[in-house]
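Please read the structure below before turning to the comments.
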Amino acid sequence: MTEEADAARSAAARAIIDGNMYMVLATVGPDGAPWATPVFYSTEDGRDFYWVSSPEVTHSRNLAHEPRVGIVIHDSRAPVGTAGPRALYLSATATELDGAEALQGLRVIPGPAGRGGRALDPDEVRPPAPWRVYRARVTAYSMICPREEGRPCAEHGLDHEHRGDVRL
């Protein structure tokens with residue numbers, strides 16, 4: 001990939017992160033069953049994604065079993081056939097935070113003004129409170145490679161939908 005294409009893909013990825021409020025978090029349970037759920041997220045750097053959930057819900061229990069997760073951030077309102085370039089796929093490791101790490105998450109949550117979330121007091125995410133702070137640390141990013149209708153992807157020469165790595 002050229003430096004220019006790499007920069008364009010990175011900018012597109014950051015626009016997806018900054019332009020959305022929910023990510024779809026995919027986890028797996030102890031029985032191997034997959035589970036996907038939307039969560040409201042906050043991030044400063046696009047590497048660490050924070051959210052607040054109950055430790056009793058399925059995705060939180062699954063994270064306690066298996067911290068590796070898949071995440072998709074996408075514009076669910078995109079017209080049919082145009083969503084590919086507006087989706088970012090992430091591989092990450094997720095964990096429940098406590099102590100100083102939870103306070104760091106609360107510094108980031110809810111993100112920029114106007115997103116609809118609210119700042120939380122540390123007592124709202126400490127036992128016995130019903131909520132905890134979670135973080136997904138991204139290990140890999142990818143996006144659907146752009147291509148013109150009827151033409152192969154310029155970078156990979158493939159004539160079907162496929163993903164390419166992204167660097168932030």
Side-chain angles (χ1 to χ4, degrees), residues 6-30 32-98 101-120 124-125 129-146 161-168:
D6 190 33
R9 195 175 288 170
S10 293
R14 192 63 213 208
I16 291 167
I17 292 168
D18 294 342
N20 288 282
M21 296 188 295
Y22 292 92
M23 62 186 189
V24 178
L25 179 68
T27 62
V28 63
W35 185 259
T37 191
V39 296
F40 176 84
Y41 68 87
S42 298
T43 185
E44 286 182 315
D45 58 7
R47 178 173 181 242
D48 290 333
F49 289 80
Y50 297 93
W51 70 95
V52 175
S53 287
S54 165
E56 302 304 319
V57 297
T58 301
H59 61 272
S60 297
R61 289 193 323 268
N62 286 353
L63 290 176
H65 159 73
E66 173 57 70
R68 294 175 299 170
V69 299
I71 297 169
V72 178
I73 303 172
H74 69 289
D75 180 355
S76 66
R77 296 163 297 171
V80 173
T82 67
R86 298 180 191 179
L88 183 62
Y89 302 84
L90 313 173
S91 296
T93 301
T95 188
E96 179 183 328
L97 302 177
D98 60 14
E101 288 183 313
L103 293 176
Q104 169 63 19
L106 291 179
R107 191 184 64 69
V108 176
I109 296 168
R115 292 184 77 227
R118 68 174 179 85
L120 298 168
E124 293 181 90
V125 295
W131 307 104
R132 301 293 179 277
V133 177
Y134 292 84
R135 178 189 64 217
R137 180 158 284 163
V138 178
T139 56
Y141 305 83
S142 63
M143 294 176 70
I144 301 295
C145 282
E161 189 172 277
H162 62 283
R163 293 191 224 168
D165 293 336
V166 177
R167 285 186 287 271
L168 280 190

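Please read all numbers here as calculations on a predicted model, not as lab measurements.
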Can you tell if the side chain of V69 reaches within under 4.5 Å of the side chain of L63, non-hydrogen atoms only?
yes
In terms of heavy-atom contacts, D165 and R9 come closest through O-NH1, 3.0 Å
If I take atom CD1 from residue I73 and atom CD1 from residue I16, how far apart are they, to the nearest 0.5 angstrom?
8.0 Å
How many angstroms lie between atom CG of D48 and atom CZ of R137, to the nearest 0.5 angstrom?
4.0 Å
Counting N and O atoms only, with roles assigned by atom type, does the side chain of S10 sit under 3.5 Å from a partner on the main chain of D6, one being a donor and the other an acceptor?
yes
Does this structure show an ion pair linking R135 with E101, if we count only N-O contacts that are shorter than 4.0 Å?
yes
Does a sphere of radius 6.0 Å around CZ in R115 hold more than 12 heavy atoms from other residues, nucleotides or ligands, not counting ones at 6.0 Å or beyond?
yes
Just wondering, do L97 and Y50 contact through their side chains at under 4.5 Å, heavy atoms?
yes
To the nearest 0.5 Å, tell me how far T139 OG1 sits from R47 CZ.
9.5 Å
Are F40 and S42 packed together at the side-chain level, in the sense that at least one heavy-atom pair is separated by less than 4.5 angstrom?
yes
Can the ring centroids of W51 and Y41 be said to lie less than 6.0 angstrom from one another?
no
Work out which heavy atom in L168 is nearest to a heavy atom in A13; give both atom names and the distance.
CD2-CB, 3.8 Å
Side-chain touch P67/T95, heavy atoms, less than 4.5 angstrom
no
Where do A136 and I71 come nearest, in terms of heavy atoms and distance?
CB-CD1, 3.8 Å
Going from CZ on R163 to CG on L88, what distance comes out if it is rounded to the nearest 0.5 angstrom?
9.5 Å
Just verifying a value: how many Å separate I109 CD1 and Q104 CD, rounded to the nearest 0.5 Å?
10.0 Å
Got a sec, which pairs hit side chain to side chain donor-acceptor pair (under 3.5 Å) with one end in residues 13-27, sequence neighbours left out?
R14-D18, T27-N62
If I compare all heavy atoms of P55 with all of E96, which pair ends up nearest, and what's the gap?
CB-OE1, 4.3 Å
Test ring pair (Phe, Tyr, Trp, His ring centres under 6.0 Å) applied to Y141 - qualifying residues, sequence neighbours left out:
none
OH/Y89 to NE2/H74 distance, rounded to the nearest 0.5 angstrom?
8.5 Å
Please report the closest heavy-atom contact between S53 and S60, naming both atoms and the distance.
CB-OG, 3.7 Å
May I ask you to say whether E124 pairs ionically with R132, meaning some side-chain N is under 4.0 Å from a carboxylate O?
no
What pair of heavy atoms forms the shortest contact from T43 to G46, and how long is it?
OG1-N, 2.9 Å
Would you call F49 and I17 a side-chain contact if the rule is heavy atoms closer than 4.5 Å?
yes
